[in-house]
Amino acid sequence: MFAFSETSEKEIEKQLVKYPPERKKSAILALLRIAQQQNGYVSAEAMEEIGRRLDLSPAYVESVCSFYTMYYTRPVGKYVIMFCINVSCHLLDCDNLLEHTAKKLNIQVGETTADKMFTLLREECLAECSRAPVMRINNDYHVNLTPQKIDQILDSLK
Amino acid sequence: MTQLLFKHINVEGLANIDVYEKHGGYETLKKALEQKPEEILETVKASGLRGRGGAGFPTGLKWSFLAKDVFPRYLVCNADESEPGTCKDRELLLKNPHLLIEGMILCAYACRVEIGYNYIRGEFYDLCEIFEKALEEAYERGYLGKNILRSEFNLDIHTHLGAGAYICGEESALLNSLEGMRGEPRLKPPFPAVEGLYGKPTVVNNVETLCAVVPVVEGGAEAYAALGTEKSKGTKLVSVSGHVRNPGNFEVVLGTPTSEIIEMAGGMREGRKLKAFIPGGSSVPMLPAGKVDTPYDYESLQAAGSMLGSGALIVMDDSANVVKETLRIASFYMHESCGKCTPCREGTRWLHQILGEIESGRGKDENIELLQDISDNMSFKCFCPLGDAAIAPVLSGIANFREDYEELLSQAKAGAAAE
């Protein structure tokens, strides 16, 4: 069973008023985001509930959800590390930094640590190229990365 | 140095409306509301301002294409900044959100639009909060809402967060995403100006374009058009990244030599020489060091074999290997291809696979020709510009830096002979 919390309901209300009443489908990205903020990921039950709210089939909700990279359909760590690997970061050695991060967390890219604290993902350009290398942890950007800086950031999150 | 968009960018607290107003903020709007909407449209047309998101289409002309007398109509700001190498809109949104709001109001007034959306890429969650705070302030001061400054003009602006998809930077894919669909591009025509959001006439403009409307209207068309070259008017924000000492966003008058922009970014790193540069984001052809004096404007970069694109100048020195960087870019396009059309869906995958073989020392001589052949089968044959973007680095890399390919291929041959 999935139910939106009171906080989520308030947020949903704020989102729905943005669109013409007959166009509430526009709020699907927002509702997926709110479901994920609430539970950490978007479950099949959450997709069904979103479908009910917006008069859409669960299959439709899933087709939209799977198109975008920021929705997780399985549980992730408390902190999701999105490591930019695109060209500007690549020129400044992000491959080695990513490897360093994976080693420090003792996981492979794409995995979550056993204590469910960190998930490490490759990410495409985060649009902070002039301060490369860059990573994003949940909603926060971290720039001009070095191995020492990464260690500091990760240690501060434990 | 002429600074229009970045004039006050480093003023502390500029995102706050009091500080913005103290530096002349919303004064342009007040004066504009005394004019007729058509006059503002004429000013933007006459200024020569072109879209700063990548396509470079004349902004005023785009506005004038809106289907007449069809309402409601919409304004959509494209803040889905995701062209690799581009980080200028992020800086504008972070430090000067009111400039964008003022630009959006001016655009909406000129185009008789009463509802605007700012489509912000999902990763910019922090910026969305900043923008929403700025919107609140603008409503409080009467710059948004009903009867703006007693002009009888109404405008509401809403934010809409994306959720991670490069393709949504393409305007018709962005509209689909805003309507609650997968962000796949639409067939054009009809263009958004005729049938855009919810099937209604829609103006879609990039963040920087809308911000630039403020100085255009403030100083007048003539003053703006006096800057730049014949076909490239005004200033452009350039995001410099890669192998330079002090990467950053710089506002330059169009026509400034590319080499000067690299100097603004501190020049090349100690003991290194320029090898290649991509002038306008990963979707445009890369150029060799010999072309670094090319004036940074639409027509000169095109004549040099590339494009100005989004204004992302990616600099590579002699430590870079063009095949390795092209492989990285190819992997990006493979990941971001929406899968709607076959040449792009399959082509991006094949390019990535073959580049990967060359890069890992398993390439064959005929691979270069194969890459060119696949590119030819994608060129102008894909549903949207993503396919053409994907082949730009491949073809330009082969044309300008063939030695990097050949070096890896001869290593592969030597390796095979040794076995």
Side-chain angles (χ1 to χ4, degrees), chain A residues 14-15 17-20 22-34 36-37 42 50 54 56 60-61 63-71 82 84-95 121-134 136 138-141 143-144, chain B residues 72 81-91 115 117 121-126 129 156 158-166 168 177-184 198 239-243 246-249 265 278 282 312 314-317 319-320 324-325 328-329 331-332 335-336 338 393:
Chain A
K14 260 171 60 186
Q15 297 297 327
V17 296
K18 293 177 175 178
Y19 313 101
E22 72 280 14
R23 301 286 186 179
K24 62 181 174 183
K25 189 166 85 177
S26 279
I28 189 170
L29 296 190
L31 265 65
L32 286 164
R33 183 177 69 247
I34 293 164
Q36 179 160 303
Q37 271 167 354
V42 189
I50 291 167
L54 304 178
L56 302 166
Y60 181 84
V61 178
S63 82
V64 172
C65 181
S66 66
F67 186 84
Y68 300 91
T69 56
M70 291 179 70
Y71 302 122
M82 288 149 276
C84 178
I85 51 156
N86 213 302
V87 60
S88 300
C89 288
H90 191 247
L91 286 167
L92 297 175
D93 211 22
C94 70
D95 283 357
L121 301 174
R122 282 191 188 87
E123 176 68 278
E124 292 299 352
C125 187
L126 284 165
E128 191 60 288
C129 320
S130 60
R131 298 201 286 165
V134 181
R136 191 170 166 268
N138 295 351
N139 287 324
D140 298 320
Y141 274 69
V143 301
N144 296 324
Chain B
E81 177 169 60
S82 34
E83 173 68 18
T86 320
C87 50
K88 65 196 174 64
D89 297 340
R90 183 167 169 82
E91 184 160 0
I115 303 172
Y117 290 99
R121 71 177 284 185
E123 290 85 349
F124 286 179
Y125 189 87
D126 51 342
E129 288 184 330
D156 284 311
H158 305 288
T159 56
H160 182 101
L161 266 175
Y166 168 71
C168 290
S177 178
L178 184 47
E179 288 191 14
M181 293 185 255
R182 292 163 69 89
E184 288 170 357
Y198 307 135
S239 304
V240 187
S241 68
H243 293 151
N246 304 310
N249 290 311
I278 308 181
S282 70
I314 304 167
V315 180
M316 301 182 205
D317 67 25
S319 71
K324 287 185 200 299
E325 298 315 321
R328 191 67 278 295
I329 296 171
S331 155
F332 166 71
H335 182 256
E336 299 298 338
C338 78

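So you know, we letter chains A, B, ... as the sequences are listed, proteins then strands, and number each from 1.
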From A:Asp140 CG over to B:Asp126 CG, what is the distance, rounded to the nearest 0.5 angstrom?
7.5 Å

When you compare the side chain of A:Asn139 with that of B:Glu123, does any pair of heavy atoms fall below 4.5 Å?
no

Could you tell me the separation between the CG atom of A:Asn86 and the OG atom of B:Ser241, rounded to the nearest 0.5 Å?
9.5 Å

Gap between atom CG of A:Asp95 and atom CZ of B:Arg328 - 0.5 Å precision
7.5 Å

What pair of heavy atoms forms the shortest contact from B:Gly180 to A:Tyr60, and how long is it?
O-OH, 2.8 Å

Out of A:Cys125, A:Cys89, A:Cys84, which one pairs with B:Pro84 under the side chain to side chain contact (heavy atoms under 4.5 Å, CB included) rule?
A:Cys125

Under 4.5 Å from a heavy atom of chain B, the part of A:Arg23 involved:
both

Does some side-chain heavy atom of B:Ser82 sit less than 4.5 Å from a side-chain heavy atom of A:Glu124?
no

In terms of heavy-atom proximity below 4.5 Å to chain B, should A:Leu54 be classed as side chain, backbone, both, or neither?
neither

Under 4.5 Å from a heavy atom of chain B, the part of A:Leu126 involved:
both

Cut-off 4.5 Å, heavy atoms of chain A, and the answer for B:Ile329 is side chain

Side chain, backbone, both or neither: which part of A:Glu123 has a non-hydrogen atom closer than 4.5 Å to chain B?
side chain

Could you tell me if the side chain of A:Glu128 sits less than 4.5 Å from the side chain of B:Arg90, heavy atoms only?
yes

Step by step, work out the side chain to side chain contact (heavy atoms under 4.5 Å, CB included) result for B:Ser177 and A:Phe67.
CA-CA 10 Å; B:Ser177 178; A:Phe67 186 84; over 6 Å; no

Could you check which of B:Pro247, B:Gly242, B:Ala165 has the highest count of heavy-atom pairs closer than 4.5 Å to chain A?
B:Pro247

I'd like to know whether the aromatic ring centres of A:Tyr19 and B:His158 sit less than 6.0 Å apart in this structure.
no

Spacing of CE belonging to B:Met316 relative to CG belonging to A:Leu91, to within rounding of 0.5 Å
5.5 Å

So A:Ser130 and B:Lys88, side chain to side chain donor-acceptor pair (under 3.5 Å) or not? Walk me through it.
CA-CA 9 Å; A:Ser130 60; B:Lys88 65 196 174 64; over 6 Å; no

Chain A interface, residue from B:Glu83, B:Arg121, B:Glu336 that has the most non-hydrogen pairs under 4.5 Å
B:Arg121

Which region of B:Cys168, side chain (C-beta onward) or backbone (N, CA, C, O), has a non-hydrogen atom less than 4.5 Å from a non-hydrogen atom of chain A, or is it both or neither?
side chain

Hey, is the main chain of B:Thr159 close enough, under 3.5 Å, to the side chain of A:Lys18 for a donor-acceptor pair?
yes

Heavy-atom cut-off 4.5 Å, strictly under: side chain, backbone, both or neither for B:Tyr117 against chain A?
side chain

Can you tell which part of A:Tyr141 gets under 4.5 Å to a heavy atom of chain B, answering side chain, backbone, both or neither?
side chain

At their closest point, which heavy atom of A:His90 faces which heavy atom of B:Lys324, and how far apart are they?
CE1-O, 4.1 Å

Just so I know, are the side chains of A:Ser26 and B:Tyr198 near enough to count as touching, which here means a heavy-atom distance under 4.5 Å?
yes

Residues A:Ser66 and B:Arg182: closest non-hydrogen pair is OG-NH1, 3.8 Å

Around atom CZ of A:Arg131, are there more than 12 heavy atoms of other residues, nucleotides or ligands at under 6.0 Å?
no

Max heavy-atom pair count under 4.5 Å with chain B, selected residue of A:Ala132, A:Ser63, A:Cys65:
A:Ser63

Tell me if a side-chain donor or acceptor on B:Tyr125 pairs with a main-chain N or O of A:Asn138 at a distance below 3.5 Å.
no

Kindly give the heavy-atom pair with the smallest separation between A:Cys129 and B:Thr86, and that separation in Å.
SG-N, 3.6 Å

Relative to chain A, which segment of B:Leu178 carries a heavy atom at a distance below 4.5 Å: side chain, backbone, both, or neither?
both

Give, as side chain, backbone, both or neither, the part of A:Ile28 having an atom under 4.5 angstrom from any heavy atom of chain B.
side chain

Heavy atoms only: give me the nearest B:Ala163-A:Tyr68 pair and the separation to one decimal.
O-CB, 3.2 Å

